[in-house]
Structure formats: C-alpha cells, structure tokens
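Count residues from 1 along the sequence. On a predicted model such as this, the values are computed, not experimentally measured, just so you know.
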Amino acid sequence: MDLVGVCRAFVSVSERGSFTVGAAAARMSQSVASRRVAALEERFGEPLFERTSRRAVLTPFGRDMLPVARQLVQAADVLLHEAEAAKRKPWRLAVPGICSTAGLARLVAEARGHRVTLDLRVATPAQRLELIHAQQVRAALLAVPEDEATWSVPLGLATARDPGVRRVYVETLRVGRASPEPARRIWIQPEDDVPHIRDPLTRLRDAVGLRPAQLVAAGDLTTAAAEVLSTRDLLLCSPAQAGELSLTWRPIGEITLSRGFALTAAADGNPQHIEGRLGGAIARCLGAGAPADTGEGAEA
C-alpha cells in the first residue's frame, strides 16, 4: 500500500467534504480517490467517512485519524521538496587549469542535461588537494600516477616549428660547451609539476647529459607557451593543448609520460554518480584519449 498516497486522498477529501472536489484537488480521479480511501479503511478496519449522496462526512474515527494523516502527507511533501533541492544543489568541483574554456563550458552544459549543476573551481594540483582537505569543494579531479587514474592524457613535447621527426629524443637537446647556440629548454607547466611527471623527466635530463637549466618549471602556462612560440624551446603538454597553441606535438622518444586524473570526493561526498553520468564529458574536457599527430619522417 502506498501509505502516503492513500493518506493524501483521505486528507484532501476530508478537507473538502467531497470525493469529487477532494480528488480533483489531489490531482487524481474520483475513482482513484475512492479506492484509496477504501483501502485505508480496510487496513484500519474502521470507516473514515459517512457517505451521503452529496457530502463525505468524517466519522469519529476519521476525525481522530485526520491530524496524523495530515502530518504524514506534510512530512512527505517536505521530503520531496528537500530531495529536489538537494539535486539542484551545485556540485563544487575543482578542475585542472589545462581545461579550455570551451571544454569547461561543454562539461557544465552536459551536466545540466543530467540535472547536475556544476560550480567549477580552476586550480593547480596542489591547490585542488588543499580544497578537498579543507572541504571547500565537494569533489576534485586530482593529479595521480597513471596506474591510479580513471582518465589518462598522453604527454609529449611541442614546438613552434615542425621538428621533422616522429619522436623527439631528449638527448638531441644536449649541447657542447663550445656551441654558440643557446641551449633549448623543456618547459613544464604547473599542471605537470608533480612528482610522477617531473621526477622521471628530471632523471632523464641528468641521464642524457642536459644542463639543469634546460628543464624549467613555469609559473603559468602563458609564460611557458610564449617562450616556446618565440624560441626553439619545447613545451611538455598534451596533443590537445598543442593544437590550441598551434604547436607541433610529438611523443618523447626515451620515456612515456601521461597525466593521470581521478575524481575524489570530500569526506562527506560520493562522486560515483557524477563519474557515472559525466565520465565521458570529463574525459573530453581533460583531453583524455585525444589522438596525437605523430607526423611523418624518421625518428631522431
């Protein structure tokens, strides 16, 4: 028995003294209201109304039951209202700064299609972790190693000029002491200045004999991109970012690097339904699985 439904019919009919009017007020047919009241009377084993040709008059038992039934209906209405409000409550989500404005807008729009309102906070990896620990966001896309990741984005090296090779080997950036040419640098943007990306690249730099200053952690992507666009330097980035910056992207010859992301909730949150509904949109926003333009020609 739908206890709330039958009580709603009972309360509406009793308040209006008519099955016809009460049923209409409760947005149900008269026959449905009659069946529901009859079912409640059968459940109680007592009549709730004295039925006449014109009016439905409460019995003494019905008058005793009406206040409690009204409380039940009101409580159910409050519950439904709170449930709708909770579904409309914005999901404050911390996201990486590497997502484009268009990508973020599409993510928010797709979330609305799933009746989810996103309130995005763009932040660096360290800031996203702090936001989660301080519970200033309900969830965050944290930077994690690839083996812990839900979404993975390949990284490579991008340049302003086509390098003419299918892969860029870091060792080819080594310069002799007497070389008149400035040493070419690899720029790391803030999103990739994390141990599982920075440390392997640092070890590779040292192993192939590059100068320490040839690996630079930039304070922001704009600065790094400007240096790459105006020099022969290289930017560590994803294929999607390279496309946005009109750079030519190639995989790294010696090692494979990737950004890993996992959706993590604050202490009182559960991100599974967000991940289930928006996993594809999040992947597109991050550039996960974006095809790389590996170019043609010999490997350097």
Side-chain angles (χ1 to χ4, degrees), residues 96-100 122-130 142-146 152-261 286-287 290 292-295 297-300:
I98 50 96
C99 298
S100 68
V122 178
T124 66
Q127 290 170 342
R128 299 199 299 273
L129 190 59
E130 291 175 2
L142 296 186
V144 298
E146 187 176 12
S152 184
V153 182
L155 291 175
L157 296 174
T159 55
R161 285 177 269 177
D162 190 332
V165 294
R166 297 176 60 185
R167 292 178 179 271
V168 173
Y169 284 83
V170 173
E171 66 176 351
T172 61
L173 306 181
R174 186 173 59 240
V175 295
R177 294 181 179 178
S179 173
E181 295 291 329
R184 298 174 68 192
R185 297 168 294 181
I186 296 174
W187 288 85
I188 301 177
Q189 55 188 293
E191 186 60 38
D192 301 320
D193 193 11
V194 290
H196 57 273
I197 296 176
R198 180 189 62 242
D199 293 354
L201 198 55
T202 301
R203 289 192 293 269
L204 176 60
R205 176 202 66 187
D206 296 340
V208 300
L210 267 61
R211 300 170 184 174
Q214 285 185 264
L215 187 61
V216 185
D220 58 82
L221 175 58
T222 301
T223 298
E227 290 290 339
V228 172
L229 288 167
S230 60
T231 68
R232 297 178 64 240
D233 288 353
L234 305 95
L235 176 67
L236 182 70
C237 66
S238 68
Q241 281 186 304
E244 292 170 6
L245 296 167
S246 299
L247 300 175
T248 302
W249 186 92
R250 296 291 183 265
I252 301 173
E254 294 95 341
I255 57 174
T256 299
L257 294 176
S258 63
R259 293 178 186 139
F261 297 98
L286 295 172
D293 173 17
T294 56
E299 297 185 1

*Roughly how far, to the nearest 0.5 Å, is the CZ atom of R185 from the CG atom of D233?*
4.5 Å
*Would you say the side chain of V208 lies within less than 4.5 Å of the side chain of Y169, judging by non-hydrogen atoms?*
no
*If you measure from CD on E146 to CD1 on I197, what distance do you get to the nearest 0.5 Å?*
10.0 Å
*If every non-hydrogen atom of P96 is compared with every non-hydrogen atom of F261, which pair is closest and at what distance?*
CG-CE2, 3.4 Å
*Does any N or O in the side chain of Q214 come within less than 3.5 Å of the main-chain N or O of A183, such that one atom is a donor and the other an acceptor?*
no
*asked:* Please check this pair: side chain of R184 against backbone of R232, looking for a donor-acceptor N/O pair closer than 3.5 Å.
replied: yes
*Identify the two heavy atoms, one from A143 and one from V194, that lie closest to each other, and give their separation to 0.1 Å.*
CB-CG1, 4.4 Å
*Looking only at non-hydrogen atoms, find the nearest pair between L247 and L229 and report the distance.*
CD2-CD2, 3.5 Å
*Identify the two heavy atoms, one from L257 and one from P200, that lie closest to each other, and give their separation to 0.1 Å.*
CD2-CB, 4.1 Å
*Examine distances only and state if a side-chain atom of E254 and a backbone atom of E171 form a donor-acceptor pair shorter than 3.5 Å.*
yes
_Would you say that I98 contacts D192 through its side chain, given a criterion of any heavy-atom pair below 4.5 Å between the two side chains?_
no
_Between V122 and C99, is there a side-chain heavy-atom distance shorter than 4.5 Å?_
no
*asked:* Nearest 0.5 angstrom please: I252 CD1 to L236 CG, how far?
replied: 5.5 Å
*asked:* How long is the straight-line distance from CG of D193 back to CG of L201, given to the nearest 0.5 Å?
replied: 11.0 Å
_Strictly below 4.0 Å, N to O, side chains only: are E191 and R259 in salt-bridge contact?_
no
*asked:* As a test of understanding, state which of V168, V216, V170 forms a side chain to side chain contact (heavy atoms under 4.5 Å, CB included) with I186.
replied: V170
*Starting at OG1 of T124, measure out to CG of D220 and round the result to the nearest 0.5 Å.*
12.0 Å
*asked:* Contact between P239 and P154 at the side-chain level, heavy atoms closer than 4.5 Å - yes or no?
replied: yes
*To the nearest 0.5 angstrom, please state how far the CG atom of L234 sits from the CD1 atom of I188.*
12.0 Å
*Using atom types as modelled and distance alone, determine if a side-chain donor or acceptor of W187 lies under 3.5 Å from a backbone N or O of A218.*
no
*Is a donor on one side and an acceptor on the other found under 3.5 Å between the side chain of R128 and the backbone of A123?*
yes
*Has the side chain of R205 got a donor or acceptor atom that lies under 3.5 Å from a matching backbone atom of L210?*
no
*Are the side chains of L235 and Q241 in touch, meaning some heavy atoms are under 4.5 Å apart?*
no
_Minimum-distance pair of heavy atoms, taken over all atoms of E227 and T231_ = O-OG1, 2.6 Å
